[in-house]
Structures are given as C-alpha cells and as structure tokens.
Amino acid sequence: MNTYALVVLVALIGEYVLSVITSLLNIRAMSPRVPDEFRSVYDEETYRQSQVYTRARTRFGLLRGTLSLAVLLLFWQMGGFGWLDRLCREFAGGPVATGLLFVGTLVAGSTALGLPFRIYSTFVIEERFGFNRTTAATFSLDLLKGLVLGTLLGGTLLSVVLFLFELTGSLAWLWCWGTTTVFMLLAQFIAPTWIMPLFNTFTPLGNGELKDALVAYGRAARFPLEGVFVIDGSRRSAKANAFFTGFGKHKRIALFDTLIAKQTTAELIAVVAHEVGHYRRRHILKNMAFGIAHTGVLFWLLAVCVEQQGLFDAFGVAESSVYAGLVFFSLLFTPIELVLSVLVHRFSRRYEFEADAFAAETTGSAEPLVSALKKLSADNLSNLTPHPLEVYLHHSHPPVLQRIDALRALHVTEPNEPLLASS
Ligand SMILES: [Zn+2]
C-alpha cells in the first residue's frame, strides 16, 4: 500500500469515525425536559415525538454511512477502479468520451445504491412521523428529472473540464476555474426561473392581507417585494420553509404553502424580513464569492493531483488520466473538505444571526420572528438541543434556542412609524 492509499484510507475512516462519535453525542445530548421557552408550542407528547424522530434519522444516517463506506472500500480493494478504467477505455475513444463513461458509471452506481435509502427515508421514516406527502408518481418523476438534469448539466461541465485539460496543458486549472465560474453565475440566473419550476409550481402571492403587509414592509425597508412567490411544498412534505434565490431581476422570495397555512401575517413578514436580511447584508454575494474561490483552489489541487502517478497506483489504475484523477482527488480531499465545510457553516450561522437581527430591526420587534421560529421548530420536529460538536461540524443554522436568546438580547427600539400597521 503506497502513501496515497494510506492517506485516502485514513481520511475516509477518520471521517466515518468522527460522524459516528458526533451522532452518539448528539443523541446523548437530548434533554428529556421540554425547554421552558417551548412549553407554549410543544406538549410532552409532541416533544417526545421530536426525540424519537431525531433518533430514527440518526440511526438511519449511521446505517447509510456504514454501508456506503463498506461498498466503496470493497470496490476499491477488489480492483474495481482499474477494471472500470480498462472497460471504459475499450468502449470509448478519446479522453472526453472515456471520462464521461467512467465518471457517469460511478455516479450511476452510487445513485442506484442510494435509491433504496431515499425510498426508505421518504416512505417509511417521513411517513411514520406524518411528514410525507410524496406520491410514488411524484417521487419517480423527481428522480427522472434529476437524472436528466444532472446528466445534461453535469455532463456538459465535465466534458468542458476534460476538454480544457487536454487543450490547455499546465494552465488548464485556470481555464477550468474561469469556465466553471461563468457556469455557476449563469446557474444563479437560470435556477429560479428555469430549473426550480421543473420541480415546483411558483405562484405569485395573491392580493390580500399578507400581500398588503408585505408591500408595506418592502416600502419601509426599501426593498422591492414584487417577487414573492408561494411554492407548493405540500406536494412533497408537510414541513415548512422559506428561501431566497437569484440576483437582480431574477431574485425571488419563496414561501412554502405549508408555512403560510401555519403562521400569522406578522410572523410571515418576520420570515420574509429575515430573507431580505440575507440579501441586504450581502450574504448571498459573499457565499457566491467563497464558492468561486473554493472552486479555484480545488482545480489547482486537481491539476497537481493528476500529475502524481502514485495516486493512480493506489487505486490500481495503470494509466493516469484527468477523469480518474478527478474521482480519486475527491476521495483524497475528504479531510480538507471537512475543514472547509466547518468554515462555511461557521459563516452561515453568523449570517443567520445577522438576518435575524435585520428582521427584528426593520419590523420593529423581535417577537414575531421568535414565535415564527418556535412554530417552525415544533412543526418540523426539530432537535432543540443538538450537541455542540454536531452544530460545529454540520449545522448551517444555529440551534433555535440560541437564535431566540440573541433576538431577545437585541432590545429593538420601535421605529417612528409602525412598519406593521396592518397587523
Ligand atoms: Zn436564514
């Protein structure tokens, strides 16, 4: 076993052990008592349900993680990568076609292996806790659309990357970085208008009390709120959510129909204000900039990796190639990605506090957002007391109790004019 193989093995097993430890700590951190703050929204039984749900999902995640690691190690140790590489070279001519076949087969294989887990998660776990609304038809259609979209977009990007590595030699990583950046920016514009509507129906929010209150809020916060849409989340799940997407004219705030059904107008305004806060505090732009820098580093490291014959030896692949290098590289850099994602999540959690503060300041009160967050957590059976290590490693949002404490500590002063006159 050479050094590369050892590093990959230690990285994969290390990440796995860490995820097992985190899961166990997370389960042990669950408090049997309903936190005082939540007594108004959680009865004992619902609270108990939320813990059973967290346990069920954690156990399921551990099982999935164990099996996928076992399959990967087995495939690797049995010489699967070398075998697949020879097979693809026989069937396809040229590095681009061979690469598409190689990566495509691996992606198809891992999608097929993940399918039973997706089915179990949706139709057994989510069903058992009353969340699932997905029919078999919707599920199959989603799968099909996802595959077609992934093949078209992923296939195009991969072809371009492989082609550029062939064509531009030592500066390939720079060319790939530039092309991917254009691709990512383009995706920001086409995703809300072309891709998301393939899966959900976006309906402009109809006239009424909520619309009036939103327009009034938008005027006071100097943020045009024409682009508020209702999304039919109830087609798939009873869980509620809201999100912001796109730039410029293409920006949209989407409210799940399940959210509108459960929250008051003041609470919904607070949720929208939180989303506006993400935009106004430039979180979306910052995330984009970080994503672009991240891609640059990855391409540079990839260019270094494809030069290392030892990496290909480690996986039993005789001839080096960019496509195989890409796959091995993704395994080799598991620990680096873990460190990077810790960083990303850290920023993301800070952005959540900032957006919460923005919402409280621009609506003149922290209370509507506090009650919206409480309802959301209760309805989604969220784990109220995640272990700090779990939060540190994996959570993009701070624990809800911390968000409530931070909101309460703001001492928001009432604005001169009431912003929510109608509610
Ligand atoms: Zn947020």
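What you are looking at is a predicted structure, and each value in this text was computed from that prediction instead of being measured. Positions are given from 1, in the same order as the sequence printed here. Each ligand, and each atom within it, is numbered from 1 in the order the structure gives.
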Asker: Check for a donor-acceptor pair, side chain of D232 on one end and backbone N or O of N200 on the other, with a separation under 3.5 Å.
Answerer: no
Asker: Hey, is the main chain of S341 close enough, under 3.5 Å, to the side chain of H345 for a donor-acceptor pair?
Answerer: yes
Asker: Which of the protein's N, O or S atoms come within less than 2.8 Å of the Zn ion (ligand 1), not counting waters?
Answerer: H274 NE2, H278 NE2, E352 OE1, E352 OE2
Asker: Report, one line per pair, each donor and acceptor closer than 3.5 Å where one atom sits in a side chain of residues 7-22; sequence neighbours left out.
Answerer:
from	atom 1	to	atom 2	distance (Å)
Y16	OH	T66	OG1	2.7
S19	OG	Y16	O	2.9
T22	OG1	L18	O	2.5

Asker: Quick check with a 6.0 Å cut-off and a 45 degree axis cone: is K239 positioned over the face of F256's six-membered ring?
Answerer: no
Asker: Quick test of your reading of the model: are R39 and D36 salt-bridged, counting only N-O distances below 4.0 Å?
Answerer: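 Salt bridge present between R39 and D36.
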Asker: Output yes when E352 and R349 qualify as a salt bridge under the 4.0 Å nitrogen-oxygen rule, no when they do not.
Answerer: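 No, no charged N to carboxylate O under 4.0 Å.
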